[in-house]
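Heads up, the thing below is written out as structure tokens.
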2 protein chains.
Amino acid sequence: MTTDAVAPAAERLVEAAFALFEERGYDDTTVDDIAARAGVGRTTFFRHYGSKEAVIFPAHDGLLDRIAARLDAAATATIDLAVVEAARIVLRHYVGEGDRARQRYRLITSVPALRDRELAGQRQYQRLFAGRLRDRWDDADAGLRAELVAAGVVAAHNHVLRGWLRGDVTDPEAALDHAMSYVLAQATGDVETTTSVVVVQSRRSAAEVADTVRRALEH
Amino acid sequence: MTTDAVAPAAERLVEAAFALFEERGYDDTTVDDIAARAGVGRTTFFRHYGSKEAVIFPAHDGLLDRIAARLDAAATATIDLAVVEAARIVLRHYVGEGDRARQRYRLITSVPALRDRELAGQRQYQRLFAGRLRDRWDDADAGLRAELVAAGVVAAHNHVLRGWLRGDVTDPEAALDHAMSYVLAQATGDVETTTSVVVVQSRRSAAEVADTVRRALEH
DNA sequence: CGCACCTAGGGTACTGAGTACCAGACGAGC
DNA sequence: GCTCGTCTGGTACTCAGTACCCTAGGTGCG
């Protein structure tokens with residue numbers, strides 16, 4: 001009924017919020033200010049975003065749904081890889097946001113309330129990861145291992161994302177692969193690993209055997 | 001000047017808060033209610049605790065200081081073990097609280113605002129761990145590895161603490177040792193490990209070689 | 001002794017986030 | 001035309017958190 005000429009109210013509120021937070025600072029901006037600049041009423045703000053903090057964050061619900069679907073589609077044996085792919089979905093989302101993500105990062109690093117809020121959002125992903133991993137594993141320490149891997153995946157993702165946001169990382173997906181290699185090594189459970197020495201008898205010389213093994217390992 | 005007969009105001013406020021939160025629920029308890037039951041003014045509440053949430057949490061500052069001291073005292077080579085010991089300090093603190101810790105756990109699991117607050121507290125420990133680990137390490141991935149280990153230590157600690165709070169774990173320190181073994185395995189960097197196949201020539205039969213190797217491995 | 005200073009508490013008034021409730025505008029469908 | 005659902009605006013309220021000023025007690029010092 002009002003001027004929908006430019007963009008829907010929800011988007012205009014986000015634009016207004018980012019602009020005002022950057023101009024005047026988070027604490028010196030009221031929800032009234034945001035609503036006024038967006039050309040809507042205060043009520044409309046709270047209808048779209050549950051709190052003043054929420055307006056600068058992406059809609060986690062959609063991402064969480066996509067990730068849950070990805071995890072459910074994974075085979076039990078590759079659930080750890082699926083979790084990594086889920087983290088990649090999140091990373092791609094942030095990278096796809098571009099400047100908006102960088103703007104949010106600047107705000108988060110300077111406003112404690114927003115930092116707390118971001119953490120609360122991340123916990124949802126971590127919980128989802130841990131839950132699905134625990135469901136697929138069935139050893140005695142499944143719960144513990146699931147939580148460790150979930151924490152690792154989130155930490156690795158954050159490390160890479162922060163690097164990209166700061167401009168230190170130019171290829172975030174490659175950096176994610178590298179970071180996740182540490183986490184996956186833990187996930188595959190090298191902890192209780194046993195090493196066996198296999199002895200076989202052959203007429204070939206040591207050099208011949210070494211060559212054969214090397215070729216076999218190299219395919 | 002007022003009735004200091006029983007306990008100092010700060011403690012009375014904590015008692016009042018826990019009691020009221022349990023009786024009426026967190027949302028249906030106002031700061032005025034808490035102050036009134038503690039027999040102090042509202043101003044006094046905010047003088048001691050920065051927010052309504054803060055009143056049920058332990059003073060992290062003291063713990064963080066002790067932990068920082070413990071970490072600074074550690075040798076570079078054993079910094080990862082020192083982080084584990086730091087986590088043990090925190091665990092002991094909570095276990096030492098006894099029922100109070102269980103009361104808090106009940107509140108945290110049911111009140112989102114308190115959950116967020118707890119997470120914000122944990123981040124401080126995780127940041128401290130990651131920072132000290134990063135300082136002591138100097139390889140290319142030091143920052144990443146430090147964050148992964150810090151996240152793992154916190155996750156392991158939380159897993160054990162939750163188990164104890166729920167009554168599933170009776171010996172939390174032993175459980176911590178066990179959980180930390182997973183984290184430390186990652187910290188010691190098994191990641192870039194290479195496996196070599198050693199081929200040697202011998203006149204002995206496969207059975208003899210296997211026996212010899214087995215005896216050597218068993219000392 | 002008197003004075004300055006510090007600490008712990010109390011009271012009042014204000015801002016602003018978040019909630020509840022009601023009312024109007026619009027489009028779709030019957 | 002009428003109704004239903006959806007989006008919106010406005011008003012009034014609660015309550016957390018802040019700012020400011022006040023009082024009572026204890027302590028050190030000249």
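Below, chain A is the first sequence line, B the second, and so on; all start at residue 1.
Between His48(B) and dG9(C), a side-chain N or O to OP1/OP2 separation shorter than 4.0 Å is present.
Scored by the salt bridge (Lys or Arg N to Asp or Glu O under 4.0 Å) test, Arg92(A) finds Glu173(A) as partners (sequence neighbours excluded). Here Gln122(A) pairs with Asn158(A) under the side-chain hydrogen bond (donor to acceptor under 3.5 Å, both in side chains) rule; sequence neighbours left out. Judged as a side-chain contact (heavy atoms from CB on, under 4.5 Å), and not counting sequence neighbours, the contacts of Phe46(B) are Val31(B), Arg42(B). Every residue two or more places apart in sequence or in another chain was checked for a salt bridge (Lys or Arg N to Asp or Glu O under 4.0 Å) with Arg66(A), and none qualifies. Applying the side-chain hydrogen bond (donor to acceptor under 3.5 Å, both in side chains) criterion to Arg115(A), with sequence neighbours excluded, gives no partner residue. With sequence neighbours left out, the salt bridge (Lys or Arg N to Asp or Glu O under 4.0 Å) criterion links Arg102(A) to Asp99(A). With sequence neighbours left out, the side-chain hydrogen bond (donor to acceptor under 3.5 Å, both in side chains) criterion links Arg104(B) to Glu97(B). Evaluation of the salt bridge (Lys or Arg N to Asp or Glu O under 4.0 Å) rule for Arg162(B) yields Glu147(A) as partners, not counting sequence neighbours. Not counting sequence neighbours, the partners of Asp72(B) by the side-chain hydrogen bond (donor to acceptor under 3.5 Å, both in side chains) test are Arg132(B).
Under a 4.0 Å N-O distance rule, the pair Asp116(B)/Arg117(A) does not qualify as a salt bridge. A salt bridge links Glu85(B) with Arg88(B): the distance from a Lys NZ or Arg NE/NH1/NH2 to an Asp or Glu carboxylate oxygen falls below 4.0 Å.
Atom pair Tyr49(A):OH and dA17(C):P shows a separation of 17 Å (rounding to whole Å applied). In this structure, CZ of Phe45(A) is placed 14 Å from P of dT8(D), rounded to the nearest angstrom. At whole-Å resolution of the value, CZ in Phe46(A) and C1' in dA12(D) are 15 Å apart. The nearest whole Å value for the distance from the CG atom in Leu114(B) to the P atom in dA16(D) is 13 Å.
The stretch residues 13-24 of chain A does not touch DNA chain C, since none of its heavy atoms comes less than 4.0 Å from the strand. Of the residues in residues 103-113 of chain B, not one places a heavy atom less than 4.0 Å from an atom of DNA chain D.
If you check distances only, the side chain of Thr43(A) does reach the base of dG10(D) with a donor-acceptor pair under 3.5 Å.
Both Arg47(B) and Gly50(B) lie close to DNA chain D; mapped to their nearest nucleotides by heavy-atom distance, the more 5′-ward contact belongs to Gly50(B).
Here the side chain of Ser51(B) is nearest to one of dG17(D), dT8(D), dG18(C), namely dG17(D).
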Is there any protein nitrogen or oxygen under 3.5 Å from a nitrogen or oxygen in nucleotides 14-16 of chain C, and what are the pairs?
none

